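Numbered from 1 within each chain, the chains take letters A, B, ... in sequence-line order. Remember, predicted model here, so these are calculated numbers, not experimental data.
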4 protein chains.
Amino acid sequence: MELRIETTSRLPIYRQIVAQIQEGVARGLLEPGEKLPSVRELSRSLVVNPNTIAKAYTELEREGTLNTRPGLGVFVAAPHVEIIREARERRLRDKADRFLTEAVRLGFSHEEMLRMLEERAGQFQWTKGQNTSGRKKDPE
Amino acid sequence: MELRIETTSRLPIYRQIVAQIQEGVARGLLEPGEKLPSVRELSRSLVVNPNTIAKAYTELEREGTLNTRPGLGVFVAAPHVEIIREARERRLRDKADRFLTEAVRLGFSHEEMLRMLEERAGQFQWTKGQNTSGRKKDPE
Amino acid sequence: MELRIETTSRLPIYRQIVAQIQEGVARGLLEPGEKLPSVRELSRSLVVNPNTIAKAYTELEREGTLNTRPGLGVFVAAPHVEIIREARERRLRDKADRFLTEAVRLGFSHEEMLRMLEERAGQFQWTKGQNTSGRKKDPE
Amino acid sequence: MELRIETTSRLPIYRQIVAQIQEGVARGLLEPGEKLPSVRELSRSLVVNPNTIAKAYTELEREGTLNTRPGLGVFVAAPHVEIIREARERRLRDKADRFLTEAVRLGFSHEEMLRMLEERAGQFQWTKGQNTSGRKKDPE
DNA sequence: GTGGTCTAGACCACC
DNA sequence: GTGGTCTAGACCACG
């Protein structure tokens, strides 16, 4: 997976990295156990200070997306959800409202919004259970 | 429409105000031409520095959500979408991806995510037709 | 509440600060809404780099113990528990085992250990409900 | 007794080994005089660098939990408590405070905390009398 | 080699 | 004034 930094963005560099790795994991582009580039390596390839990379990795470790093993490197963690039901729903609701606000503001119709969402949703890695359209993975 | 400030949020106050007014417009709670409270009024009722309110209004004016008519007050602008088709789609796609990432991270299934989204979508004010390139702007 | 740093400790400075503030909150020495010293202030009084203080505050904010409001300062957050029941129990069990191991290693008897624990427990701020000995607060 | 390494833990591997052996002794799963696996054996069975095992054993020997007899192997040492009364109490007090802080932070009530502690305490190997200043060391 | 901590100092956003 | 971000560079712990 390739990371890309927009130095012009209002989003801080370390948050851009956090967001991209979160998305990579959610899409299944990064699989549990997979090794990420080392702090120094990524620092060199993105032309960013090592501390900035470390900050992103630390953040992702604290929230459980990554495991870091000093001396070995940084790895994608096994998925797990620890927060309680209500908090989970509240958070999704807020995110949904924010997304819908943007869709309306951009002038999309209800149907257009849904079409886009469904199209993108197919690329993500949903938890087991009642997926309706699920993601097909190439057999190998 | 009532604005509510979450002082504990990491989102700056002026951005909270911007977001809530954007959402109010998207939901139809604020209609084009409607008058908003003055900077001083809102500053008093929210117990927030007037500069902060002014900053929010300036931001909303800059992006076309509000119109300030000197001496008269601040009004909700007529809806208009100016950005080009490509940029519009790209933005919605990015927002969709971010929303989907969060849904996956929170452990929801594809179905659960859709159910939540549809439920909330019903509360928003969608444009009717499926415009592909954005609507006409009011002649001025 | 007074913070004290042991520069000789194997525990990093920022973690010492985190631990002491967590303990202060758990004891009720720091109450929700209370303002903490600013990053620069604390940095001066502890003779520690501001970045180190900021790191401690960031950590405490991320885990929900503090709220930081840029431009205003850092405040003690309202208490809340979001993690699910099983994870909570597992964590307490691990901490209990670690504590008991230390007590045995130090050569205390079961009764001595209990006596110490009860004595200290009286100084903490337990959640509502079935407290047996509860903490009395001076009327004021 | 079986050792288990948690590669995802932020606790360094050698410290995990130290902690587990300490706990094993405190629980009575490892008895004085018992022989432990050699560095090389343990290194193979845990799939861990021999240096890491050696570091853990060295640490445990330094603090008196283990004895290395060159050419024979590594053995669990006879229990002994050497540190002075004051330091002993201070250490237990600190550990108790840390444990109580965690219990409060996790939202447990005083009663729940006690119940958990008592349940786990039953599995440990307590010294009988209430020695105030530490036990006699085996003559050698 | 890996990541973690700490310092020093600059610049920006927020209120 | 407040906290947040980023850089640069040093030193340590881990495997």
Side-chain angles (χ1 to χ4, degrees), chain A residues 5 7 9-17 35-43 46-59 61 66-75, chain B residues 5 7 9-17 43 46-56 59, chain C residues 5 7 9-17 35-43 46-62 66-75, chain D residues 5 7 9-17 43 46-56 59:
Chain A
I5 299 302
T7 53
S9 166
R10 69 220 278 102
L11 203 63
I13 296 176
Y14 87 95
R15 289 221 148 272
Q16 293 183 42
I17 297 171
K35 190 171 185 301
L36 291 182
S38 80
V39 169
R40 289 157 170 84
E41 225 180 309
L42 194 52
S43 145
L46 295 182
V47 194
V48 157
N49 188 290
N51 285 335
T52 304
I53 308 291
K55 191 169 183 179
Y57 279 2
T58 301
E59 179 96 6
E61 155 123 64
L66 300 184
N67 291 142
T68 142
R69 310 191 215 157
L72 289 183
V74 179
F75 302 82
Chain B
I5 299 303
T7 56
S9 167
R10 93 274 286 107
L11 202 64
I13 294 177
Y14 89 95
R15 290 217 136 269
Q16 291 184 44
I17 295 171
S43 150
L46 294 182
V47 194
V48 158
N49 192 307
N51 291 332
T52 306
I53 308 290
K55 189 163 185 179
E59 179 95 5
Chain C
I5 299 303
T7 53
S9 166
R10 70 224 274 100
L11 203 64
I13 296 176
Y14 88 96
R15 288 220 149 273
Q16 293 183 41
I17 297 171
K35 189 172 186 298
L36 291 182
S38 78
V39 169
R40 290 158 170 84
E41 224 179 310
L42 195 52
S43 146
L46 295 182
V47 194
V48 157
N49 189 290
N51 285 334
T52 304
I53 308 291
K55 191 168 182 180
Y57 279 2
T58 301
E59 178 96 8
L60 287 161
E61 154 123 67
R62 217 198 30 75
L66 300 183
N67 290 142
T68 141
R69 310 191 216 158
L72 289 181
V74 180
F75 303 82
Chain D
I5 298 304
T7 56
S9 168
R10 93 276 288 110
L11 203 64
I13 293 176
Y14 88 95
R15 290 217 136 268
Q16 292 184 42
I17 296 170
S43 150
L46 295 182
V47 194
V48 156
N49 191 309
N51 291 332
T52 305
I53 309 289
K55 189 164 184 180
E59 179 96 5

Visitor: So B/Val48, base contact, sugar-phosphate only, or nothing? Heavy-atom distance under 4.0 Å.
Guide: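 Nothing, no nucleic acid heavy atom in range.
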
Visitor: Quick check on E/dT5: is either OP1 or OP2 less than 4.0 Å from any side-chain nitrogen or oxygen of C/Lys55?
Guide: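 Result: yes.
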
Visitor: Taking atom P of F/dG1 as reference, at what distance in whole Å does atom NZ of C/Lys35 sit?
Guide: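 Result: 13 Å.
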
Visitor: Take the protein atom CD of B/Gln16 and the nucleotide atom C1' of E/dC15, then report the distance between them rounded to whole Å.
Guide: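 So the two atoms are 13 Å apart, to the nearest Å.
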
Visitor: Any side-chain heavy-atom pair from A/Ser43 and A/Ile53 closer than 4.5 angstrom?
Guide: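 Yes, their side chains come closer than 4.5 Å.
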
Visitor: Mapping A/Val47 and C/Gly73 onto DNA chain F by nearest heavy atom, which one lands closer to the 5' end?
Guide: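 Nearest-nucleotide comparison on DNA chain F picks C/Gly73.
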
Visitor: Name the pairing partner of F/dC14, where a pair is Watson-Crick or G-U wobble with both distances under 3.5 Å, or state none.
Guide: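 Matched F/dC14 with E/dG1 under the 3.5 Å cut-off.
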
Visitor: By nearest atom, which of the nucleotides E/dC14, F/dG4, F/dT7 is closest to the C/Thr58 side chain?
Guide: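 In terms of side-chain proximity for C/Thr58, the closest of E/dC14, F/dG4, F/dT7 is F/dG4.
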
Visitor: Could you tell me the separation between the OH atom of C/Tyr57 and the C1' atom of F/dT2, rounded to a whole number of Å?
Guide: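 The answer, rounded to whole Å, is 12 Å.
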
Visitor: Please check the phosphate of F/dT7 (OP1 and OP2 only) for any side-chain N or O of A/Thr52 closer than 4.0 Å.
Guide: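 For F/dT7, OP1/OP2 do have a side-chain N/O of A/Thr52 under 4.0 Å.
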
Visitor: Roughly how many Å is it from CD in C/Glu59 to C1' in E/dG4, rounded to a whole number?
Guide: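 Taking atom C1' of E/dG4 as the reference, CD of C/Glu59 is at 12 Å.
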
Visitor: Distance-only, no hydrogens or angles: does the A/Thr58 side chain make a donor-acceptor pair with backbone N or O of A/Ala54 under 3.5 Å?
Guide: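 Between the backbone of A/Ala54 and the side chain of A/Thr58 there is a qualifying donor-acceptor contact (under 3.5 Å).
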
Visitor: Starting at the 5' end of DNA chain E and moving along, which residue's nearest nucleotide shows up first, C/Pro50 or C/Pro70?
Guide: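 So the residue in question is C/Pro50.
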
Visitor: For the side chain of C/Asn51, counting heavy atoms from C-beta on, which of E/dA8, F/dG3, F/dG15 is nearest?
Guide: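 Selected nucleotide (nearest to the side chain): E/dA8.
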
Visitor: How would you label the contact of C/Arg40 with the nucleic acid (heavy atoms, under 4.0 Å): base, sugar-phosphate, or nothing?
Guide: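 Counting heavy atoms under 4.0 Å across all strands, the contact made by C/Arg40 includes a base.
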
Visitor: With side chains defined as the heavy atoms from C-beta onward, is the minimum distance between A/Leu46 and A/Ile17 less than 4.5 Å?
Guide: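 A/Leu46 vs A/Ile17: side chains touch.
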
Visitor: Hey, mind stepping through D/Glu59 and D/Arg15 against salt bridge (charged side-chain N to carboxylate O under 4.0 Å, His left out) and telling me if it holds?
Guide: CA-CA 9 Å; D/Glu59 179 96 5; D/Arg15 290 217 136 268; 3.4 Å; yes

Visitor: If I take atom CG in residue C/Leu46 and atom P in nucleotide E/dT5, what distance separates them, rounded to the nearest angstrom?
Guide: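 Value for this atom pair: 18 Å.
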
Visitor: To the nearest Å, give me how far apart CG (A/Leu42) and P (F/dT7) are.
Guide: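 Distance check: A/Leu42 CG to F/dT7 P gives 12 Å.
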
Visitor: Checking contacts here: which listed nucleotide (F/dG3, E/dC6, E/dT2) is nearest the side-chain heavy atoms of A/Ser38?
Guide: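 Between F/dG3, E/dC6, E/dT2, the one nearest the side chain of A/Ser38 would be E/dT2.
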
Visitor: Where the side chain of A/Leu72 is concerned, which of F/dT5, F/dG4, F/dG15 is the nearest nucleotide?
Guide: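 Nearest listed nucleotide: F/dG15.
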
Visitor: Between E/dT7 atom P and A/Asn49 atom CG, what is the distance in whole Å?
Guide: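 Whole-Å distance recorded here is 17 Å.
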
Visitor: Looking only at side-chain N and O atoms, does B/Tyr14 come under 4.0 Å of OP1 or OP2 in E/dC14?
Guide: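 Answer is yes, contact under 4.0 Å.
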
Visitor: Report yes if the side chains of C/Tyr57 and C/Leu42 come closer than 4.5 Å at any heavy-atom pair, otherwise no.
Guide: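 C/Tyr57 vs C/Leu42: side chains touch.
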
Visitor: Rounded to the nearest Å, what distance is computed from the CD1 atom of residue C/Ile53 to the P atom of nucleotide F/dG4?
Guide: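 After rounding, the reported distance stands at 13 Å.
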
Visitor: With side chains defined as the heavy atoms from C-beta onward, is the minimum distance between B/Thr7 and C/Asn67 less than 4.5 Å?
Guide: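 Of all side-chain heavy-atom pairs linking C/Asn67 with B/Thr7, none is under 4.5 Å.
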
Visitor: Return whichever of B/Arg15 or C/Ile13 has its heavy-atom-nearest nucleotide of DNA chain E closer to the 5' end.
Guide: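 This one resolves to C/Ile13.
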
